[in-house]
Amino acid sequence: MFSFSKYDRHAALMTRMSDTVGQDLDVQMQMGTLTPQDFRSMVFNCLGCREAGTCEKWLDDQNGRADAAPGFCRNKSVFNS
């Protein structure tokens with residue numbers, strides 16, 4: 001069964017990741033370089049990840065700033081572009 005709390009958790013992880021690596025997804029959507037469908041696909045991609053706990057720890061360890069998303073991130077190609 002699908003859980004919105006799981007969706008919300010992964011959407012929050014994506015937001016933290018984008019902030020940490022300096023990618024503003026809201027600005028990208030406003031500019032048209034990222035569509036709402038792209039964002040939703042990214043969240044579903046994140047939902048399929050089995051590293052959510054590792055991701056949370058990695059984000060905590062970065063203190064809000066990193067040069068790139070970690071190798072285990074399923075959306076690293078977007079965050080690192």
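Source: prediction; values computed, not measured.
- Between the OG1 atom in Thr20 and the CG atom in Asp67 there is a gap of 11.5 Å [rounded to 0.5 Å].
- Classification of Arg9 and Glu56 as a salt-bridged pair holds, one side-chain N sitting under 4.0 Å from a carboxylate O.
- Put simply, the side chain of Arg74 does not reach to within 4.5 Å of the side chain of Phe44, judged on heavy atoms.
- For the atom pair CG (Asp19) and CG (Asp24), the distance works out to 7.0 Å, reported to the nearest 0.5 Å.
- Proximity of a side-chain donor or acceptor of Gln62 to a complementary backbone N or O of Met17 within less than 3.5 Å is not detected.
- With values rounded to the nearest 0.5 angstrom, Arg50 atom CZ is found 15.5 Å from Cys55 atom SG.
- Few gaps surround CG on Asp61; more than 12 heavy atoms of other groups in view lie less than 6.0 Å from it.
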Run the side-chain contact (heavy atoms from CB on, under 4.5 Å) test on Trp58 and Arg16 for me, step by step, so that the C-alpha distance in whole Å, both residues' side-chain angles and the decisive distance to 0.1 Å come before the verdict. CA-CA 11 Å; Trp58 184 88; Arg16 283 187 68 195; over 6 Å; no
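- Atom CZ of Arg65 has more than 12 heavy atoms from other residues, nucleotides or ligands within 6.0 Å.
- In this structure, Lys76 contributes its side chain and Ala69 its backbone to no donor-acceptor pair below 3.5 Å.
- The backbone N or O of Gln28 sits less than 3.5 Å from a side-chain atom of Thr33, completing a donor-acceptor pair.
- Gln23 and Ser81 get closest at one heavy-atom pair: NE2-O, 2.7 Å.
- Side-chain atoms of Asp38 and Ser41 include no donor-acceptor pair closer than 3.5 Å.
- Between the side chain of Asn80 and the backbone N or O of Ala68 there is no donor-acceptor pair closer than 3.5 Å.
- Under the 4.5 Å side-chain contact rule for hydrophobic residues, Val27 and Val43 do not share a cluster.
- Contact detail for Met42 and Asn75: the closest heavy-atom pair is O-ND2, 3.0 Å.
- For the pair Met14 and Phe39, the minimum side-chain heavy-atom distance is below 4.5 Å.
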